[in-house]
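This report refers to the structure that appears directly beneath it.
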Amino acid sequence: MAERAEPTELTRMTATGIAGLVAAGEVSAVEVARAHLDRIAATDQRVHAFLQVDTEGATAAAAAVDAARAAGAPLSPLAGVPVAVKDVFATRGLPTTCGSKILEGWRPPYDATTVARLRAAGLVVLGKTNMDEFAMGSSTEYSAYGPTRNPWDLARIPGGSGGGSSASLAAFQAPLAIGSDTGGSIRQPGAVTGTVGVKPTYGGTSRYGLVAFSSSLDTPGPCARTVADAAALHAVIAGHDPGDSTSIPQPVPDVVAAAARGATGDLAGVRLGLVRELAGEGAEPGVMAAFREAVDALTKLGAEVVEVSCPHFGYALPAYYLIAPSECSSNLARFDGVRYGLRTGDDGTRALEEVMSLTREAGFGPEVKRRIMLGTYALSSGYYDAYYGQAQKVRTLIARDFTAAFAQADALISPTTPFVAFRFGERTADPYQMYLADLYTIPANLAGTPAISVPCGLSGGMPVGLQVMAPAMADDRMYRVAAALESVLPAPAPPQL
Ligand code: GLN
């Protein structure tokens, strides 16, 4: 096992801080990349945030930034900053597994739009981070490559599905990371690792090259240690993409300016709606205590906090667990042993259908199989209206609840998760116990509205997150509120690894 290692000054810095040093020529992008690669080497045997570290690619990308600077070329705001990418995004030439055996060894021939935009902006992709298989789960325990451990307590989960991305931030292996949020997979890992996680407006970031789980919900988004860094990364990846049919052809709100405004600590005139249905029910007392303190802090900053009711939010979880599995059962039909990755039992004697069946049996893990079966059932003729159709109606009611709540408040707040990071194995026996991790995050996915999780203190020594939800295409509002909270409640640093 590697030696215990203190994070260096460079690995402790914010992304914008690093970019400033690189732009000023005070440090080279290659040195920055090396510092983070060294940190990964020193800590990842314990954390296991990465499935793939691209030392060569990262070094080359960093060298290109240094060369551009030396040639006097203009640098984009995050040039030279390392970033970790969840393994659900296609990366050209670099293995992309989605945490699944069925994609082992697959090297995509193209970059996802999100990844292409990172590269074009001079960010340095360090590698691919661990996740629950095909982004289904809340703990990374469903990764086919073994779980990621929470840097705060290695006996606990880092959240999921994007636990690797958030853990890499908390372990100072990367200052920025990319995740995907279908039901909470950016915000929940952010909350339980004491980092920031953002689900942008659905359609605000491109799904092109994001391996599909539930296409009407999947949303790429930024992960960072500070709100300003998340905003800077948001600005790089967001914006219209003709390669995604649901991408919004409108300008992205100025999230960087909103975060800067929030950081001044002034929330005068801002009305926040505390969602009654998302505060209290099923939440640990320690989580509620930290949340209430944060609400007091927001009030002291000048915000007016009113209670709002979203009566249909109680049906969000069951609706999600019909819609998401339904879409996944269709999306995952493409993994058939013919087009990608694994192929099992093709000994020349078997019929194609049998090879497909053997491949899927060997390649998919238990949670993915459960979802495919559930979704296939919910979509089958005779049940379609009763399950999938009904869930879509609930979805409309939830969207209407949001509209009504946003008529009373500029943004909505709740705890991000009902409980802090749990111990490995605590919630794998009963799928419902795992699904409860996303009780508060799922409504925003069903409505397509943006939401952010920002650290708001500790419960029993483990991080708690506060969620700020905003109307669609008003992502800037949630950044302002989150940055204001951060200015008076800085994220606590995780204990040394
Ligand atoms: N935990 C939720 C699920 O298992 C959400 C996953 C996600 O957002 N990708 O479906």
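All ligand and atom numbering here is 1-based and tracks the order in the structure.
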- Item | Verdict with supporting geometry, Glu133 and Lys101, salt bridge (Lys or Arg N to Asp or Glu O under 4.0 Å) | CA-CA 9 Å; Glu133 186 175 7; Lys101 288 284 175 200; over 6 Å; no

- Which heavy-atom pair separates Cys98 from Leu103 by the least distance, and what is that distance? SG-CD1, 3.9 Å

- Where's the contact between Tyr321 and ligand 1, heavy-atom distance under 4.0 Å: side chain, backbone, both or neither? side chain

- Query: So is there a nitrogen or oxygen of Phe213 less than 3.5 Å from a nitrogen or oxygen in ligand 1?
  - Reply: no

- Note on the structure: Closest to atom 7 (C) of ligand 1 (heavy atoms only, candidates Gly179, Ser161, Ser185, Gly162) is Ser185

- Query: Can you tell me if NZ on Lys369 sees more than 12 non-hydrogen neighbours from other groups inside 6.0 Å?
  - Reply: yes

- Item | Under 4.0 Å to a heavy atom of Gly183 - the qualifying atoms of ligand 1, by number | 5 (C), 7 (C), 8 (O)

- Query: Looking at ligand 1, does any of its N/O atoms fall within less than 3.5 Å of an N/O of Ser180?
  - Reply: no

- Query: So, does Arg371 sit close enough to ligand 1 that a heavy atom of it is under 4.0 Å from the ligand?
  - Reply: yes

- N or O contact, Gly160 vs ligand 1, cut-off under 3.5 Å: no

- Query: Mind checking whether Met136 has an N or O less than 3.5 Å away from an N or O of ligand 1?
  - Reply: no

- With a 3.5 Å cut-off and no angle check, do the side chains of Ser168 and Gln173 form a donor-acceptor pair? no

- With a 6.0 Å cut-off on ring centres, are Phe50 and Tyr145 close enough? no

- Message: Only heavy atoms of Ala135, strictly under 4.0 Å: list the atoms of ligand 1 that pass.
- Response: 6 (C), 7 (C), 9 (N)

- Query: Of Asp181, Leu317, Asp218, Asp438, which has the heavy atom at the shortest distance from atom 1 (N) of ligand 1?
  - Reply: Asp438

- Indicate the ring-plane relationship of His234 and Tyr479, choosing parallel, tilted or perpendicular according to the 30° and 60° boundaries. perpendicular

- Item | Ser138 neighbourhood, listing ligand 1 atoms whose heavy-atom distance to it stays under 4.0 Å | 1 (N)

- Give the residue and atom name of whichever protein heavy atom lies nearest to atom 10 (O) of ligand 1, and the separation in Å to one decimal. Tyr320 OH, 2.6 Å

- Non-hydrogen atoms of Tyr435 versus ligand 1: any pair closer than 4.0 Å? no

- Under 3.5 Å side-chain donor-acceptor pair for Ser143 and Asn130: yes

- Query: Are any non-hydrogen side-chain atoms of Ser453 and Gln188 less than 4.5 angstrom apart?
  - Reply: no

- Does Arg427 make a cation-pi contact with Phe419, if we ask for NZ or CZ under 6.0 Å from the ring centre and within 45° of the axis? yes

